[in-house]
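Reviewing the structure listed below.
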Amino acid sequence: MAIESDEIKSAAAELLDAGAHDRLDTMRHSTAHVMASAVLELFPDAKLGIGPAIRDGFYYDFDLPRALTPADLESIEARMRAQVAANLPFERSEIGRDEAVARETAAGQPYKAEIIGELAAGEVISFYRHGTFNDLCRGPHLETTAGIGPFKLLNSAAAYWRGDEKRPMLQRIYGSVWETQEDLDRYLWRLEEARKRDHRKLGRELDLFSFHPESPAAPFWHPRGMALWRALEDWSRQVRTEGGFVEVRTPALVRKELWETSGHWALYQDNMFVFDDADHVAGLKPMNCPESMLIFKTSLRSYRDLPMRLADYSWLFRNERTGALAGMFRVRQLTQDDSHVICREDQVVDEVNLALRLVRRQFEPFGFQPRFKLATRPDKKLGTDEFWDMAEGQLAGALETAQIEHTLDPGGGAFYAPKIDVFIDDALGREWQMATIQIDYQLPQRFELEYRAADGGTARPVVVHYAIYGSFERFIGVITEHFAGAFPAWLAPVQVMVIPIADRHVEYAGKVRDALFEAGLRAEVDDRSERMQAKLRDAQEQKVPVMLVLGDRDQEAGAVSPRLRTGESTQGVGMAVFIADLKGRVERRELWPYAPEEDQP
RNA sequence: GCCGAAGUAGCUCAGUGGUAGAGCAACGGUUUCGUAAACCGUCGGUCGUGGGUUCGAGUCCCACCUUCGGCUCCA
């Protein structure tokens, strides 16, 4: 969207070429300055942290004498509006580093002084002033505070200085600012919509699962949630079968010797549940892969046996930090659609290519278009440059072979190998990281895996790991929010609600339900003594895809009258015709019934 | 783990030291033939748990449990 040149006046010359995105970022950063200035008016002794522009808005961190309250935010917001109305110019100044450190120290701003002290000696130190507020800042900024668009302060919360839990805890205020009121309204609508779709709320309302203090952060799956789970699991198994996988299952309770071999004892023990088991120290498994290594080693493998593709849906246990737990998104007991491919080095590109195809295939019936990111060698890494050249080349080669567009995440790889991260966008435009595809040379070495090569010698295989849903728990959280609980028929816990209009139709309704059962469909009869309208309303609120209304005419004709969740309804459809149609849609895993999103403001 | 907030009936919430409430749900009865809430009645709470202050605590204090927001998207 083009912006009139006099609508927002760009102060700095470096802004002339900037696109709308940079302009918005600049405005957000300027708004953060105005907020910091308002906070200083309220708390003259506040010490300033950092205040960057972020996606959808900005934040600023402060060291304050007391915790902020919602009333404080209102007061800060009011002071900010006054500054915007005052049309204060932003003025840039530059000074030397030592002088800057001295100034910030004298001003009682230790965090600012720390930042400046870390800048290179020769670097230009710039400050931006508006009104009486002068802040260390690289810039650029708006010309004046009047250029700040509609904004709102959202919430305050704690944040460690520089994200380090050993350092002081500051208070962070988040805010959002946009170029137009419509943009701000749309953003606030999205926040509100996300709140309404919260999977924790929908999970309770749709009777999918519950949580209990007796086992914190571990879901109890109800019959309806389990139906959804099984639909997902069946699909994952089908995709794995198509990909040539076989399935294994491995123990949850494993002695520490295995974890010492795999390296988890040294690197992952903090996240494991560990205890004594009959004179041995053992742990609940946080990952499946080490045990697959043991299965591989149970016989002498030939190069002809590879690749060996193992799927594992075992239960995993991770002792997460209590503060990180969040609904289905972070649980302590979870299940993955885990895949380990043990293959020859010359098969790695093909196997990664297969993984990429399976990722696309498995996400297809959800309507997700996965995006791929190649994460390359980090600064802290194991192995030689030759190794990384080769491993990165293998992943890049597979992406090319599969003709998959991707972006780069330089330095984002694991310390032992590069990886391909897979992202999806949900219905609200939120980005979620889903699958990760990793190639692993470490584990085969630690477990001393070998196979008999074609030349009669021994060789070491490579492992390609991935989980496409990631964990079932988290994926169910994501799709619950994505579909707002209105799952397509193939996933819906109850696919058909049979609604007899009067008590005399209940028997026929039972026959219809049994016919649905026989076709492998999930159906219930609402035989409560309620009026049909009430039953329809309840089925709608439960987001059941199809309601079958049954009255005299249907009963006499052996027919059903389907009403879809979208409101569309027909009458007198033959029972067999209806069942065959629905069964086909479920088996094809159609995105059906589909309702276009409600219009956003 | 840390900072802040919250926890009252199955759910959503009222209740500012003086007899625990409402709507929905559930249950009982009546009712029920065409596409989003029939009517009447009844039941239901150790106010998260434990301790303390007080003549008296859902309300004030302390500890614990659980949940929610957040803890680098780096001047």
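Model, not experiment: these values are computed from the prediction.
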Could you identify the nucleotide paired to [N], looking across every strand shown and requiring Watson-Crick or G-U wobble geometry with both distances under 3.5 Å?
N	result
B:U72	none
B:G18	B:C55
B:C43	none
B:U67	B:A5
B:G10	B:C24
B:U35	none

Does a side-chain N or O from [X] land closer than 4.0 Å to OP1 or OP2 of [N], or not?
X	N	result
A:R531	B:U31	no
A:R200	B:G69	yes
A:R553	B:G34	no
A:Y60	B:C74	no
A:R138	B:A75	yes

Taking only the side-chain heavy atoms of [X] (C-beta and beyond), determine which of [options] contains the nearest atom.
X	options	result
A:I115	B:G69, B:A75, B:U72	B:A75
A:I54	B:C71, B:C73, B:A75	B:C73
A:Y59	B:U66, B:U72, B:A75	B:U72
A:I501	B:U35, B:U66, B:G34	B:G34
A:K112	B:U35, B:A75, B:A37	B:A75
A:R55	B:A36, B:C73, B:G34	B:C73
A:L136	B:U35, B:A36, B:A75	B:A75
A:Q540	B:G34, B:A36, B:C73	B:A36
A:M532	B:U66, B:A75, B:U35	B:U35
A:P213	B:C71, B:C65, B:A75	B:C65

Name the residue closer to the 5' end of RNA chain B, choosing between A:P52 and A:P500 according to the nucleotide with the nearest heavy atom.
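Of the two residues, A:P500 wins.
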Quick check: on RNA chain B, is the nucleotide nearest A:E205 upstream (toward 5') of the one nearest A:S529, or the reverse? Name the residue that is more 5'.
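Result of the comparison: A:E205.
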Among A:H33, A:R138, A:H29, find the residue that satisfies the side-chain contact (heavy atoms from CB on, under 4.5 Å) test when tested with A:Y128.
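The single option meeting the side-chain contact (heavy atoms from CB on, under 4.5 Å) with A:Y128 is A:H33.
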Heavy atoms only: give me the nearest A:Y268-A:P286 pair and the separation to one decimal.
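For A:Y268 and A:P286, the tightest heavy-atom pair comes out as CE2-CB, 3.4 Å.
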Under the side-chain contact (heavy atoms from CB on, under 4.5 Å) criterion, do A:M35 and A:I173 qualify, and how do the steps go?
CA-CA 9 Å; A:M35 179 168 77; A:I173 305 176; 3.6 Å; yes
We want to know whether [X] and [Y] form a side-chain donor-acceptor pair, criterion being a heavy-atom distance below 3.5 angstrom.
X	Y	value
A:H130	A:Q83	yes
A:Y174	A:R172	yes
A:Q333	A:R318	no

For B:C43 versus B:C27, give the span between their C1' atoms, rounded off to a whole number of Å.
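It works out to 7 Å between them.
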Using atom P in both nucleotides, what's the gap between B:A37 and B:C73 to the nearest angstrom?
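It works out to 48 Å between them.
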Would you list the pairs meeting salt bridge (Lys or Arg N to Asp or Glu O under 4.0 Å) in which at least one residue belongs to residues 471-483 of chain A, sequence neighbours left out?
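Counting only pairs at least two positions apart or across chains, the salt bridge (Lys or Arg N to Asp or Glu O under 4.0 Å) contacts touching residues 471-483 of chain A are A:R430-A:E481.
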Output the rounded distance in Å from CD (A:Q171) to P (B:G70).
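Rounded to the whole Å, the gap is 16 Å.
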Report the distance from atom CG of A:L73 to atom P of B:G4, rounded to the nearest whole Å.
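In whole Å, B:G4 P and A:L73 CG are 16 Å from each other.
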Tell me whether the guanidinium CZ or amine NZ of [X] lies under 6.0 angstrom from the six-membered ring centre of [Y] and within 45° of its axis.
X	Y	value
A:R28	A:Y59	no
A:R186	A:W178	no
A:K47	A:F62	no

What nucleic acid atoms does A:A217 come within less than 4.0 Å of, heavy atoms only: base, sugar-phosphate, or nothing?
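Counting heavy atoms under 4.0 Å across all strands, the contact made by A:A217 is with sugar-phosphate only.
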Contact list for RNA chain B against residues 97-110 of chain A - heavy-atom distance below 4.0 Å
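Listed by number, there are none.
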Close residues, residues 156-170 of chain A, relative to RNA chain B [heavy-atom separation under 4.0 Å]
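When residues 156-170 of chain A is checked for heavy atoms under 4.0 Å from RNA chain B, the hits, listed by number, are A:A157, A:A158, A:A159, A:Y160, A:R162, A:G163, A:M169.
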Looking at the base of B:A26, is there any donor atom on it, or on the side chain of A:R528, that sits under 3.5 Å from an acceptor on the other one?
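Under the 3.5 Å cut-off, the side chain and the base do not form any donor-acceptor pair.
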Answer yes or no: side-chain N or O of A:D554 and base N or O of B:G34 forming a donor-acceptor pair under 3.5 Å.
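A donor-acceptor contact between them is present.
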Between A:D538 and A:K535 (side chain of the first, backbone of the second, donor and acceptor by atom type, cut-off under 3.5 Å), is there such a pair?
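No, the answer is negative, given that no donor and acceptor are paired below the 3.5 Å cut-off.
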Proximity of A:F329 and A:W432 rings by center, below 6.0 Å
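Ring-ring flag for A:F329/A:W432: true, centres closer than 6.0 Å.
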